[in-house]
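Each chain gets a letter, A, B and so on, in the order its sequence line appears, and its residues count up from 1.
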Protein chains: 2
Amino acid sequence: MFTLAEENYLKAIFHLEHEFQGEVSTNAIAESMETKPSSVTDMIQKLAEKKLLTYKRYKGVQLTAEGKKVAANVIRKHRLWEVFLVEKLKFHWDQVHEIAEQLEHIQSEELITRLDKFLGSPDFDPHGDPIPDKHGVLKRTEKKLLSEIDKNQKGVCVGVKESSPEFLQYLDKKKISIGTKIRVLGKEFFDGSMIIQVFDDQFFISKTVAENIYVQTI
Amino acid sequence: MFTLAEENYLKAIFHLEHEFQGEVSTNAIAESMETKPSSVTDMIQKLAEKKLLTYKRYKGVQLTAEGKKVAANVIRKHRLWEVFLVEKLKFHWDQVHEIAEQLEHIQSEELITRLDKFLGSPDFDPHGDPIPDKHGVLKRTEKKLLSEIDKNQKGVCVGVKESSPEFLQYLDKKKISIGTKIRVLGKEFFDGSMIIQVFDDQFFISKTVAENIYVQTI
DNA sequence: CTATATTTTTAGACTAGGCTAAAAATAATA
DNA sequence: TATTATTTTTAGCCTAGTCTAAAAATATAG
Ligand SMILES: [Mn+2]
Ligand SMILES: [Mn+2]
Ligand SMILES: [Mn+2]
Ligand SMILES: [Mn+2]
């Protein structure tokens, strides 16, 4: 149906539309895909031809309903495969993204239907990101960044914003994973750093770390 | 490491080297890959550059040790994925080939190691074809075509030569699958057709069918 | 409201992997 | 052996997707 490159562009634009509201710029796409703006212009013109997004020269792009559906389906496949890799093949959560990046492009409706069933129709991937349903609908959950939590409040980790191997390995070292309870013991206002408690350990984390952990307050 | 196209060529040549002994011709490759001879010439020149096969103009090609290893690994991945699709996702054996054709190109050593373990290190795929080990070694089993079996002998189905959906669905209708016992009740010499018994049913099969079922005599 | 900086697009080139049509080599036949 | 048929290669063209360099549009600043 769509090429690997087309699917990757649609997915990137979908994510950018959520990150910043509204139109997405050529440069933003180029940066997020580690490609050149001129390549992006070429591709978005092709995608506009195919009615997957709307495009006016020098103004950004916006996915059409069809474009959103295609993008959400790629994301659905990516996240389902990540669940498979972690739950069934016992990969660690910092190892699965690159492989899912390939698996997300396998073309077969039936395969995804069966994979989803095999996995017990999971709602979230191993990093806490929601898995779109087969119609491309993403359920939004109320979650906050750990950095937004006040002193003496408690939250349970429900996801991560960053999911690079480096960051995930850092979290492992600190025994933080999805479901882990975190209590904020102290907060420095001038740099946003925190002292937190995880199980019986108390330690310091930087603002950068706190801004990449999603929690639900409890 | 290698592109999708390169992997497909190596796989096709590997299969052709086994089917006919010795060098493989440009036309044979073109036919088996449903492409044009001129395209094949281009690609085999590239593969020769990369030392994956030896090539002398107008004489055919022959895979090098390296080329064989790459090809066998693609076949290993193809067949392991087919086992996954049938054993875990409950696909039918006539539905898996096309999907495995895509999955075989996913690049990750670790993935295949884990998939193999997850599946219990199977020796054969759902069509009875042997799965090469991680070094690319294929164990040969002694098997005959049903067409080579004499009247009144019995064999157990251990594989199929053809594995098109059409043929596999025909076998289903006749209740023949891997492990099924087949007794040859009669054989016509002028056209090679047979009367066989499968469970309690006795019926006619053409030479074409008999030439595409592998059995071990019992 | 100009002048400069930034963003975006265009123009032209490249690689991978195809194709067709024609030429060259090899094989088959008279 | 000479001629014809088949196989294989070459030459040239195409599309997808990328790039660099230059031009054009938009945004920012004095
Ligand atoms: Mn991922
Ligand atoms: Mn991708
Ligand atoms: Mn197959
Ligand atoms: Mn393939």
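- When the P atom of dA21(C) is taken as reference, atom NZ of Lys36(B) falls 10 Å away, rounded to whole Å.
- Distance Glu23(B) CD to dA27(C) P: 12 Å, rounded to the nearest Å.
- For Asn8(B) and dA16(C), the CG to C1' distance is 14 Å, given to the nearest whole Å.
- Proximity of Lys46(B) to the phosphate of dG17(C): a side-chain N or O atom is located under 4.0 Å from OP1 or OP2.
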Evaluation steps, side-chain hydrogen bond (donor to acceptor under 3.5 Å, both in side chains), between Glu110(B) and Ser108(B): CA-CA 5 Å; Glu110(B) 182 73 8; Ser108(B) 167; over 6 Å; no
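- A 4.5 Å side-chain heavy-atom check between Phe91(B) and Glu82(B) finds every atom pair outside the cut-off.
- For the pair Leu103(B) and His78(B), the minimum side-chain heavy-atom distance is 4.5 Å or more.
- The aromatic rings of Phe84(B) and Trp81(B) sit perpendicular to each other, their planes meeting at more than 60°, with 30° as the lower class boundary.
- In this structure, His105(A) places its NE2 atom 16 Å from C1' of dA16(D), rounding to the nearest Å.
- Between Phe2(A) atom CZ and dG17(D) atom P the separation is 12 Å, expressed in whole Å.
- OP1 or OP2 of dC19(C) has at least one side-chain nitrogen or oxygen of Thr35(B) nearer than 4.0 Å.
- As a whole-Å value, the separation of Ile29(A) CD1 from dT18(D) P is 13 Å.
- In plain terms, the two heavy atoms of Ile112(A) and Leu80(A) that are nearest each other are CG2-CD1, 3.7 Å.
- Protein atom CG of Leu4(B) is 11 Å distant from nucleotide atom C1' of dG17(C), rounded to whole Å.
- Atom CE of Met43(B) and atom P of dT15(C) are 16 Å apart (whole Å).
- A donor-acceptor contact under 3.5 angstrom links the side chains of Ser193(A) and Asp191(A), judged on distance only.
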Annotated protein contacts, base or backbone, on nucleotides 5-12 of chain D with a non-hydrogen cut-off under 4.0 Å, one of B, S, - each: --SBBB--
